[in-house]
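Have a look at the structure below before the remarks.
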Amino acid sequence: MQLAAPGFGTIAHVISLRASFALTSVPCMKNAFLLTALLGTSAIALGSLSTDANARPITETDLVMMKRVSAVAASPDGNMIAYQLRETDLAANKGKTDLYMLKLGSADPQPVMFASKPDKNEHDPAFSPDGKSIYYISNQSGSDQIWRYDIASATSMQASNFKADVSGFKISPNGQTFAIWGDIARDCGEFGCDTDGDTSKPGPGTGRAYDRLMVRHWDQWETPGYYSRVFTVALEADGKLSSSAIAMDGTLVGDAPTKPFGGGEEISWSADGSAVLFTLRHADAHEAKSTNLDIYRSALRAANPVNLTADNAGMDTTPAASPDGKYLAWTSMARATYEADRLVVKLMDLKSGKVIALTDAWDRSVGSLAWAADSKSLLVTAQDVLETPLFRVDLKGKVTRLTARGNIAEAVPLKNGGVVYAINSITGPSDLVHMNAKGTTTRLTDVNADTFATLDPVNYQMFDFAGANGDRVYGQIVKPQGAAGKLPVLLLVHGGPQGTFNNSWSYRWNPAVMAAQGYAVVSIDFHGSTGYGQKFTDSINQNWGGWPLEDLQKGMDAVGKIDTQLDTANACALGGSYGGYMMNWISGNWPDRFKCLVNHAGIFDLRAMAYETEELWFDQWDNGGPWTTRSDAEKWNPVNHVAKWKTPTLVIHGEKDYRIPYSQSLAAFTALQQQGVESKLLVFPDENHWVLKPKNSIQWHRTVFDWVGKYLKGK
């Protein structure tokens, strides 16, 4: 394996960027290009710099009102794209999606809205193989159905009318058949029946009854007998879908795509359109402990699914057949029950059946993949030292980096060898960029230009230091551009725990929005973080309170020397999920360091967590198996140190959080109150592990800002 472009550590580790230059997307073909991108002098600049002398700091309301680009699709000839744009209706407390199309190749491409109704949602566009139509999902009929937009006449018609809502679809390469999926009773032979098949509600009352795990998943109670299922349906001559659908799952029982986060990336067609490939995890007695997603192939003529990855007990997902029909690619984890194992690209020769681990020598975990139109390479994304670039991987495993700064959210290859991708950074949400076959980039959208023209920019620095074991640890500093005097510090601790607070835009933990309140926001990718190789990620295993805490301690010491504007003695720490666990751990093991803490959905008692969480593999892999078999179960348990708690703490949780149940936060708040520690509890009855609703997000931010301001600014 060979990397054609060096990583950032070979050039610089502290970079200061104005908002207009922080999000660049230049081809990384030569070192000079990479250095240009690092220093922020690229011609491509996503995130408009305000020129208004009366510009103001970004607010939590600005954040929720940002327009969001996603679901990019390309026409067969590569000359046009379609995408969805979400805007927020704050009064209604929800989002609204519309569709846009844009022609490529012009000097000043202008998006054009199509097929959109003012009071309806249209989303997930896909071009027909002949390029004459765009299919999409709309709720115009009262349920989510597939609609067809004729490009020539600029008219739409309803193409499906099933009993069930359509969650998603993929069109076969020949355009004759659609693969569709949605929640359907397991004993239903059509796409929707009169009953949902949920056997957990035997009646006559409202009680749910279960005789095995899982009973809850993420933010839903399980519904045995009712699953996300894949069907195929023929496209008829009038452009509408047949009312007769064929199930592709045979006798399999489980969700396809998988829940709660699986989507169209888990469904694919064979190149000749004769079979559907899909990802499924068995819904059996082992589901709560399993990460064993498998890829199945189901032929249209005989829907008898064949497991293509039966020899691997780890995760196999994102199947993608090459356009020339020679190969099947997917991403694969080797270790069972471990969701943060390295995702390696597997490549199957469909003629011989031989499988190779294409990226086995590349110590990065592949987040997404798509075939180039010529079938000679794959376009993939992978986290790499605070960035998530786009890479090209050829069929010999050579990896070439194509973009520099920022986070590539999705990438769509074009027939002419180019690619359209969505890119974001700490300083701005996603916009679309076109890179042609020669590597030249053209910005396609600037959907939040009017908003950013009125906002103050932020300053971003990347830094590194010697952490636990002397290992190189990376972090980021975000602060208001041009701020004078000493700045109080907010230390953000990411969740996962195998995760990262990297150079990407977030609608939940957004350092730019926090910095705009007059803070220097520091994040540290401690041992266990992603983007630094699998050994570094694995190092948090059974070590939750060890090296990560040491990294945070050393990082806070280092950051004050790297940037002397930071008043590190005047600091609060904030974290969610594992970051919330770390707030509880800091309370008892670093109790004199911070003036306040914010604990969102944090683990308080590992013993209770071991028995309360829904997907047991998460807790058991990280902490050494079931509670009763752990060699030192109490070693990293925050509840054992509550007698030392004295730091004022804001505790936040969602009642629909079944990953870390809200009882963990009730217990933490009770411990704080019983010991007379200044504390506050904020509970959202309609949120899960995350705060997603616009008004709830505003409330979350205002409560957090009031809390930290009280202790750091004397408000």
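Contacts of Ser228 classified as side chain to side chain contact (heavy atoms under 4.5 Å, CB included), with partners at least two apart in sequence or in another chain: Trp181, Asp183, Asp255, Pro257, Lys259. Partners of Val412 according to the side chain to side chain contact (heavy atoms under 4.5 Å, CB included) rule, which considers only residues two or more places apart in sequence or in another chain, are Val72, Ala74.
Side-chain N or O atoms of Thr613 include one that pairs as donor or acceptor with a backbone N or O of Arg659 at under 3.5 Å. Between the side chain of Ser377 and the main chain of Asp394, no donor-acceptor pair closer than 3.5 Å is present. Although no hydrogens or angles enter the test, the distance criterion places a donor-acceptor pair under 3.5 Å between the side chain of Arg281 and the main chain of Ser290. A donor-acceptor pair under 3.5 Å is absent between the side-chain atoms of Asp384 and the main chain of Glu387, judged by distance alone. A donor-acceptor pair under 3.5 Å is absent between the side-chain atoms of Ser365 and the main chain of Arg342, judged by distance alone. With hydrogens and angles disregarded, a donor-acceptor distance shorter than 3.5 Å links the side chain of Ser75 to the backbone of Met80. Distance alone, capped at 3.5 Å, places no donor-acceptor pair between the Gln461 side chain and the Val478 backbone. Looking only at distances, no side-chain donor or acceptor of Thr232 sits under 3.5 Å from a matching main-chain atom of Ala179. A donor-acceptor pair under 3.5 Å is formed between the side chain of Asn503 and the backbone N or O of Ile426. Under a 3.5 Å cut-off, the side chain of Asp363 and the backbone N or O of Gln534 do form a donor-acceptor pair.
Among Tyr578, Phe501, Phe536, the single residue meeting the ring-ring contact (aromatic ring centres under 6.0 Å, His included) criterion with Phe526 is Tyr578.
Side chains of His494 and Ser529: a donor on one and an acceptor on the other come within 3.5 Å. Remark: the Asn407 side chain and the Ser504 side chain contain no N/O donor-acceptor pair separated by less than 3.5 Å. Side-chain contact check for Glu615 and His217: at least one donor-acceptor pair (N or O, by modelled atom type) lies under 3.5 Å. Inspection of the Ser368 and Glu265 side chains reveals no N or O donor paired with an N or O acceptor under 3.5 Å. In summary, the side chains of Gln498 and Asp538 do not present any donor paired with an acceptor at a separation below 3.5 Å, with no hydrogens or angles considered. Using modelled atom types, one finds a donor on one side chain and an acceptor on the other under 3.5 Å when comparing Gln383 with Thr530. Side-chain contact, Asp471 with His527: a donor N or O sits under 3.5 Å from an acceptor N or O. At a cut-off of 3.5 Å, with distance as the only test, no side-chain donor of Thr331 or Thr317 sits close to an acceptor on the other residue. Using a 3.5 Å distance cut-off with no hydrogens or angles, the side chains of Asp249 and Ser298 do not pair a donor with an acceptor.
Side-chain atoms of Leu104 and Leu414, non-hydrogen and from C-beta on, do get closer than 4.5 Å to each other. At a threshold of 4.5 Å between non-hydrogen side-chain atoms, the residues Met248 and Leu300 count as touching. Tyr474 is not listed as a side-chain neighbour of Thr500, based on a closest heavy-atom distance of 4.5 Å or more. With a 4.5 Å cut-off on side-chain heavy atoms, Pro497 and Asp622 count as touching. The closest side-chain heavy-atom distance from Arg86 to Ser70 is not below 4.5 Å. At a threshold of 4.5 Å between non-hydrogen side-chain atoms, the residues Leu390 and Val419 count as touching.
Going from atom CG of Leu369 over to atom CG of Leu379 covers 9.5 Å, rounded to the nearest 0.5 Å. Summarising the geometry, atom OG1 belonging to Thr403 is positioned 6.0 Å from atom OH belonging to Tyr421; distances are rounded to the nearest 0.5 Å.
What you find for Glu614 and Ala288 is that their closest heavy atoms are O-CB, 3.6 Å. The minimum heavy-atom distance between Thr537 and Ala340, with the atom names listed, is CG2-O, 4.0 Å.
Residues Trp509 and Trp690 keep their aromatic ring centres 6.0 Å or farther apart. Aromatic ring centroids of Tyr581 and Trp636 lie 6.0 Å or more apart.
The aromatic rings of Phe463 and Phe465 lie parallel to each other, with less than 30° between the two planes, well short of the 60° mark. Under the 30°/60° scheme for interplanar angles, the aromatic rings of Phe169 and Phe178 are found to lie parallel. Under the 30°/60° scheme for interplanar angles, the aromatic rings of Tyr338 and Trp621 are found to lie parallel.
Relative to the six-membered ring of Tyr532, Arg472 misses at least one condition, a distance below 6.0 Å or an angle of at most 45° to the axis.
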